[in-house]
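This report concerns only the one structure given below.
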Amino acid sequence: MHVLILGGTTEARRLAELLVARLPAGSRVTSSLAGRVARPKLPPGEVRVGGFGGAEGLADWLRSHRVRALIDATHPFAGTITFNAARAAAAAHVPLLMLRRPGWVPGDGDDWHPVGSLAEAADALPALGRRVFLTTGRMGLAAFAGLDGLWFLTRSVDAPEPPYPARMETLLDRGPFTLEGERELIRRHRIDVLVTKDSGGAATAPKLAAAREAGIPVVVVRRPPVPEGGAVAGGPEEALAWLTDQFSG
């Protein structure tokens, strides 16, 4: 059996660990990484880096490498590859599972402002605060480049490239993050508004609790749509169970 995991997330690495440990002898587990991070944490099993050339290229790869199951465990905001995976799996007649961690849900005391895009988040900011903790990743900073009246604290694994806000400080760091650490960042940098994508998961959730404690608003970018009708798992163990059901008997 050959399983292809479209990865790059914590859940994808955990799934690769489970499959390598539990699939029958002779099985292959290949994780595909987009290559946007210079020094990614590599999962066990085989690893490939780079794109496939769209849905058609991915379908060709599935056929030529005799893939028996495709698991899309990419980031919830990696919308293009998710739709390409659905089209490729259909074309190659390969079962597809989307592994998606549950989204965050606001609780008592949260002051959330949901928006549909980074551009909408940028539009909302001037009315909410002047010192922004921007945690949407280095690839989307251009949406905030015109907000010269605001100051930004950004955080990413690799250094961002322009365009980005003129008044910006960048922290190079990788999660998981602690509640104590997020509290200190908000206090030390006098943050009065947080911007985040609804990525879900525990690794970066402490910033939401820290914002709630500090009483600051949070601009939350909603997730993009996913292909309809596909199988979905909320975690690696559930994905393993789906794979077992697909090929049992």
Ignoring hydrogens and geometry, is there a side-chain-to-backbone donor-acceptor pair from [X] to [Y] under 3.5 Å?
{"X": "Arg138", "Y": "Val157", "result": "no"}
{"X": "Asp111", "Y": "His113", "result": "no"}
{"X": "Asp198", "Y": "Arg223", "result": "no"}
{"X": "His2", "Y": "His65", "result": "yes"}
{"X": "Arg101", "Y": "Ser199", "result": "yes"}
{"X": "Thr170", "Y": "Arg155", "result": "no"}
{"X": "Arg190", "Y": "Asp192", "result": "no"}
{"X": "Arg13", "Y": "Leu42", "result": "no"}

Phe77/Val221 under side chain to side chain contact (heavy atoms under 4.5 Å, CB included): CA gap, chis, key distance, verdict = CA-CA 10 Å; Phe77 282 80; Val221 182; 4.0 Å; yes
Can you check whether [X] reaches [Y] side chain to side chain, under 4.5 Å on heavy atoms?
{"X": "Leu243", "Y": "Val3", "value": "yes"}
{"X": "Pro227", "Y": "Met98", "value": "yes"}
{"X": "Phe152", "Y": "Leu147", "value": "yes"}
{"X": "Pro206", "Y": "Thr178", "value": "no"}
{"X": "Leu171", "Y": "Leu185", "value": "yes"}
{"X": "Ile191", "Y": "Trp151", "value": "yes"}
{"X": "Val132", "Y": "Phe144", "value": "no"}
{"X": "Glu213", "Y": "Ile186", "value": "no"}

Can you measure from [atom1] ([X]) to [atom2] ([Y]) and round to the nearest 0.5 angstrom?
{"X": "Asp158", "Y": "Met139", "atom1": "CG", "atom2": "CE", "result": "10.0 Å"}
{"X": "Leu18", "Y": "Leu23", "atom1": "CG", "atom2": "CG", "result": "9.5 Å"}
{"X": "Leu153", "Y": "Arg188", "atom1": "CG", "atom2": "CZ", "result": "8.5 Å"}
{"X": "Leu33", "Y": "Thr9", "atom1": "CG", "atom2": "OG1", "result": "9.5 Å"}
{"X": "Leu128", "Y": "Ile216", "atom1": "CG", "atom2": "CD1", "result": "10.5 Å"}
{"X": "Lys207", "Y": "Phe177", "atom1": "NZ", "atom2": "CZ", "result": "8.0 Å"}

Identify the heavy atoms of [X] and [Y] that sit nearest to each other, and give their distance.
{"X": "Ala16", "Y": "Pro43", "result": "CB-CB, 3.8 Å"}
{"X": "Gly149", "Y": "Arg167", "result": "O-NH1, 3.3 Å"}
{"X": "Ala233", "Y": "Ala239", "result": "CB-N, 3.8 Å"}
{"X": "Glu182", "Y": "Ala210", "result": "CB-CB, 3.8 Å"}
{"X": "Gly201", "Y": "Trp104", "result": "O-NE1, 3.0 Å"}
{"X": "Ala12", "Y": "Ala73", "result": "CB-CB, 3.7 Å"}

Answer yes if [X] and [Y] sit in the same cluster of Ile, Leu, Val, Met, Phe, Trp and Tyr residues linked by side chain heavy atoms under 4.5 Å apart, and no otherwise.
{"X": "Leu179", "Y": "Leu208", "answer": "no"}
{"X": "Val226", "Y": "Val232", "answer": "yes"}
{"X": "Val193", "Y": "Val115", "answer": "yes"}
{"X": "Leu118", "Y": "Phe133", "answer": "no"}
{"X": "Met1", "Y": "Leu240", "answer": "yes"}

request  = State whether Glu11 and Arg14 are salt-bridged, where the test is any N-O pair (Lys NZ or Arg NE/NH1/NH2 against Asp/Glu carboxylate O) under 4.0 Å.
outcome  =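 No.
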ask   = Between Arg183 and Glu180, does at least one N-O distance fall below 4.0 Å, as a salt bridge requires?
value =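 No.
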key: Which residues share a side chain to side chain contact (heavy atoms under 4.5 Å, CB included) with Ala55, sequence neighbours left out   =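 Asn84, Arg87.
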task = Inspect the surroundings of CD in Glu56 and state if more than 12 heavy atoms from other residues, nucleotides or ligands are less than 6.0 Å away.
result =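 No, CD of Glu56 has 12 or fewer neighbouring heavy atoms, counting only those of other groups under 6.0 Å.
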Check: Arg100/Thr82 side-chain N/O donor and acceptor closer than 3.5 Å = yes
request  = Name all residues meeting the salt bridge (charged side-chain N to carboxylate O under 4.0 Å, His left out) criterion together with Asp110; count only those two or more places apart in sequence or in a different chain, and write none if there are none.
outcome  =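 Applying salt bridge (charged side-chain N to carboxylate O under 4.0 Å, His left out) to Asp110 gives Arg212.
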ask   = How does the hydrophobic cluster around Val67 look, that is, which other residues are in it when side-chain heavy atoms under 4.5 Å mark a link?
value = Leu4, Leu6, Phe52, Leu58, Trp61, Leu62, Leu70, Ile81, Val94, Leu96
task = Using the side chain to side chain contact (heavy atoms under 4.5 Å, CB included) rule, take Leu172 and Ser156 through it: C-alpha gap first, then chi angles, then the decisive distance, then the call.
result = CA-CA 5 Å; Leu172 299 182; Ser156 60; 4.2 Å; yes
task = Take Leu97 and Gln246 through the test side chain to side chain contact (heavy atoms under 4.5 Å, CB included) and record every step on the way to the result.
result = CA-CA 11 Å; Leu97 175 72; Gln246 285 289 315; over 6 Å; no
request  = Apply side chain to side chain contact (heavy atoms under 4.5 Å, CB included) to the pair Ile5 and Leu15, showing each step before the final yes or no.
outcome  = CA-CA 8 Å; Ile5 302 172; Leu15 177 60; 4.0 Å; yes
